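Written below as structure tokens is the structure these notes are about.
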Amino acid sequence: MELKVLKSSKDIADLVSNEFINLIKEKPNAVIGLATGSTPIETYEAIINKAKKEMIDFSSIQSFNLDEYLNNQDFSQSYRYFMDSHLFDYINIKKENTHFPSEENYKNYDDEIKKAGGIDIQLLGIGANGHIGFNEPGTSFDSKTHITQLKEKTIHDNARFFKDISLVPTSAVSMGINTILNSKRIILIALGKNKAQAIYDTFNKYDVSCPASSLSKHNNVTIYCDEEAASLLKKELVHE
Ligand code: GLP
């Protein structure tokens, strides 16, 4: 895993958005894997700005999102709503080419990704407990897209987006760890000191207790951190 520590989240968003823009220029029918949460918002803003400036065409792009809540009563907190309002409504991607896992399609989701040609770049955030997508600690590294129960920690962390913690869904459907590892390239972004322990574990374990540590067996992963997220890593690992 390649580690890049940058001073600001804006610098990270700039580099990561460049990768997506360059991919789409080179491969107009690329397949992109997308994440939600507060972490990728700046990257999506940067993609929108560059796409406008450079007239980037997303009309043949397919996207597959990592995860979606189940039994969610607040549509404005659904990941579909998040993606529409933070990215899809501002680029010319076709809505029918934007895929989300659901209770209905999850058994075929891995096959759909394969049929589309496989994910060229998968973007990831990381949970404070090391989860990727909604693959909580304990999830098998061989897992495919599946239904999962959220851990207390995750429900608590995600409560900030809801009016009340009782409204946070307790289950979700998520790409599995194996699904994620089948991507050709993976970019994980971690921001803030709340992620420092998860990033430390990602580099120092290979264990289901830290789902993100599964990434160490993939040969094309870059982890972008700000200084706070990288603060527990040994100095010799960290270079800009
Ligand atoms: C959620 C999502 C993850 C995301 C994580 C971190 O649980 N399912 O895909 O990486 O939150 O979110 P944030 O970026 O808001 O810290």
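Numbering of ligands and ligand atoms starts at 1, following listing order. The structure displayed is predicted, hence computed values, not measured ones.
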Worked check of salt bridge (charged side-chain N to carboxylate O under 4.0 Å, His left out) between Glu19 and Arg185: CA-CA 11 Å; Glu19 275 215 36; Arg185 169 150 174 74; 2.7 Å; yes
Mark up the atoms of ligand 1 that fall under 4.0 Å of a heavy atom belonging to [X], in ascending order.
X: Asp67; answer: 2 (C), 8 (N), 9 (O)
X: Thr39; answer: 13 (P), 14 (O), 16 (O)
X: Gly125; answer: 10 (O)
X: Phe134; answer: 7 (O), 8 (N)

Heavy atom of the protein closest to [atom] (residue, atom name, distance):
atom: atom 11 (O) of ligand 1; answer: His131 NE2, 3.9 Å
atom: atom 6 (C) of ligand 1; answer: Ile126 O, 3.5 Å
atom: atom 4 (C) of ligand 1; answer: Thr36 O, 4.0 Å

N or O contact, Gly37 vs ligand 1, cut-off under 3.5 Å: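 In fact, backbone or side chain, Gly37 has no N or O that close.
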Ligand 1 versus Glu68: contacting region, heavy-atom distance under 4.0 Å: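 Near ligand 1, Glu68 shows nothing, with every heavy atom at 4.0 Å or more.
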Under-4.0 Å heavy-atom contact with ligand 1, by part of Tyr69 that carries it: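 The answer is neither; Tyr69 stays 4.0 Å or more away.
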Glu136 versus Gln149, closest heavy-atom pair with distance: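 Looking at all heavy atoms of both residues, the shortest contact is CG-O, 3.9 Å.
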Applying the side chain to side chain contact (heavy atoms under 4.5 Å, CB included) test to [X], which of [options] qualifies?
X: Phe141; options: Ile180, Val208, Asn135, Asp207; result: Val208
X: Asp201; options: Pro137, Cys210, Pro211; result: Cys210
X: Asp57; options: Ile24, Ile91, Asn92; result: Asn92

Closest candidate by heavy atom, reference atom 15 (O) of ligand 1, pool Gly133, Ala35, Ala198, Ser38: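 Ranked by closest heavy atom to atom 15 (O) of ligand 1, first place is Ser38.
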Among Lys195, Arg160, Lys153, Met175, closest by any non-hydrogen atom to atom 16 (O) of ligand 1: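 Among Lys195, Arg160, Lys153, Met175, the closest heavy atom to atom 16 (O) of ligand 1 belongs to Lys195.
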Ring-ring centroid check Tyr79 Phe100, cutoff 6.0 Å: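 Tyr79 vs Phe100: aromatic centres not under 6.0 Å.
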Side-chain donor-acceptor pair present, Asn178, Lys144, cut-off under 3.5 Å: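 Yes.
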Audit row: Lys50, Asp14, salt bridge (charged side-chain N to carboxylate O under 4.0 Å, His left out) steps and yes/no: CA-CA 10 Å; Lys50 288 172 193 176; Asp14 191 40; 2.7 Å; yes
